[in-house]
Amino acid sequence: MASAFEYAPAPESRSVVDIAPSYGLFIDGEFTEAADGKVFKTVSPSTEEVLSEVAQAGAADVDRAVKAARKAFEKWSALPGSERAKYLFRIARIIQERSRELAVLETLDNGKPIKETRDADLPLVAAHFFYYAGWADKLDHAGYGADPRPLGVAGQVIPWNFPLLMLAWKIAPALATGNTVVLKPAETTPLSALFFADICRQAGLPKGVVNILTGYGDAGQALVTHPDVNKVAFTGSTAVGKAIARSVAGTEKKVTLELGGKGANIVFDDAPIDQAVEGIVTGIFFNQGQVCCAGSRLLVQESVQDEVLDALKRRLATLRLGDPLDKNTDIGAINSAEQLARITALVETGEAEGAERWSAPCELPSSGYWFAPTLFTNVTQAHTVARDEIFGPVLSVLSFRTPDEAVAKANNSQYGLSAGIWTEKGSRILAVANKLRAGVVWANTFNKFDPTSPFGGYKESGYGREGGRHGLEAYLDV
């Protein structure tokens, strides 16, 4: 029987943002071609249409950008904190004013639903700039000694899953503390960073304080190994993070790495089931599961496992997959063909190893990169899908009987970025959270972020913290 309440299409207009046919590198306050003239195309994951052509940075361009940042550092670091704050406040306000443009641009270039970019990403981007603007003239009171000094030039490499938000996490504290920046966005999502470069010009930011280099991994490698870069910040895969750590070992560079994860979402038998199911969905299917802190391992107490799984499957059957620009869409496109192939291969491995796969019934669009929300049951800790980061809309379900068993299974991972606890007992939340080796532990919620709160991991999830007062330390000579 058809529902009396069918969804009508509610597309956001893509005409609100102007995408130029080509973009250059942003160096010393100006857009410029790459030294060797190379370019690459960026495509929309939901349609595979080419959005724009972008300059491909090489080693010569990295050197040029670092020199511009070094030159700008002298005057920028000498400004009183209250003056730097004015620029950050101005950037934050422009982001708010142009948030609709940015949300549409991010959705087109990344593939995530417009309601996520509009309601989650953009408010947090502005909030980070507002928050660190407030710190710029209070660094003496941050707990790092009197008159803490900036490090110099920060080389920053960000991923494709939250392009603009990761940019804000990196650039806002760097500028607040008096550093200058050379940032390389991911090759599949360069447009919002280039849009941000224009915001820097609109805000009157001095030339060379922020430089944006689009390109591939070789540009990122040239940036982090450049001898005149003082601080390296990287968010991305654990494999690349390890390579960066090796490449800067023995130098005086300060490094923070925010890497992969395999977060455990623990549901106890006294948890509010409906609320927990919503948290499970948010934990793994937000941004198509392409989240480093995703709750990709669901640990359910045996006595409520069947009830939770039945409710979860009913909920997944209601998720709407399709056009990311439609405001009704819950599940958007996978970011690239390469990532889709990785997800598909790992899911096939899970089936081959004996885990039981269930995918939500939904029709996948004929063009673009899509994967239906999927969960695995009959999973053991030895299964690949329970150990490897899939970085897609795939949930592995395990069971436990006692709190100690839940903690042991949650900690049985090479990662340690996030975890969630669902229970009505505050004493249990505190007792379990204290035993979990995870940088962030959420209680009766998941994937909640705030610029005042630090974020980071243990073990192969990296080291250092971003956000909050703790996020200042990585950019100060303490």
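Side chains included, hydrogens not; waters and symmetry mates left out as well; all remaining heavy atoms used.
Side-chain atoms of Q275 come within 3.5 Å of backbone N or O of N444 as a donor-acceptor pair. R401 contributes no side-chain N or O that, together with a main-chain N or O of E302, makes up a donor-acceptor pair within less than 3.5 Å. Not one N or O on the side chain of E12 forms a donor-acceptor pair closer than 3.5 Å with the backbone of K327. In this structure, the side chain of N335 does not engage the main chain of T188 through any donor-acceptor pair within 3.5 Å.
The closest side-chain heavy-atom distance from T282 to I280 is not below 4.5 Å. Looking at I421 and T423, their side chains come closer than 4.5 Å, going by heavy atoms from C-beta outward. Contact of the F195 side chain with the R98 side chain is registered, since non-hydrogen atoms from C-beta on lie closer than 4.5 Å. Within the 4.5 Å cutoff, no side-chain heavy atoms of S237 are placed close to those of F391. You'll find the side chain of K112 stays beyond 4.5 Å of the side chain of F286, heavy atoms only. Residues W169 and F455 meet the side-chain proximity criterion, which asks for heavy atoms closer than 4.5 Å. The side-chain heavy atoms of I158 and K184, taken from C-beta on, include no pair separated by under 4.5 Å.
Remark: N412 engages Q381 in a side chain to side chain donor-acceptor pair (under 3.5 Å) (not counting sequence neighbours). A search for side chain to side chain donor-acceptor pair (under 3.5 Å) contacts involving T452 returns D450, not counting sequence neighbours. Here F196 pairs with F129 under the ring pair (Phe, Tyr, Trp, His ring centres under 6.0 Å) rule; sequence neighbours left out. Scanning for side chain to side chain donor-acceptor pair (under 3.5 Å) contacts around Y475 gives Q156, with sequence neighbours left out. With sequence neighbours excluded, no residue forms a ring pair (Phe, Tyr, Trp, His ring centres under 6.0 Å) with Y415. The side chain to side chain donor-acceptor pair (under 3.5 Å) check on E278 picks up R315, with sequence neighbours excluded.
Heavy-atom neighbours of K448 NZ from other residues, nucleotides or ligands within 6.0 Å: at or below the threshold of 12. Within a 6.0 Å radius of NZ in K313, more than 12 heavy atoms belonging to other residues, nucleotides or ligands are found.
Under a 4.0 Å N-O distance rule, the pair E49/R14 qualifies as a salt bridge. At a threshold of 4.0 Å, the pair R320-D326 does not count as salt-bridged, since none of the basic side-chain nitrogens sits closer than that to a carboxylate oxygen. Under the 4.0 Å criterion applied to side-chain N and carboxylate O atoms, K242 and E460 are assigned as salt-bridge partners.
Residue I266 holds its CD1 atom at 11.5 Å from CD1 of I429, rounded to the nearest 0.5 Å. Here CD1 of I19 is found 7.5 Å from CG of D109. Values are rounded to the nearest 0.5 Å. Of the inter-residue distances, the one linking L375 atom CG with L298 atom CG reads 8.5 Å to the nearest 0.5 angstrom.
A centroid separation of 6.0 Å or more is found between the aromatic rings of W358 and F376.
A donor atom on one side chain and an acceptor atom on the other are not found under 3.5 Å apart for S52 and T42.
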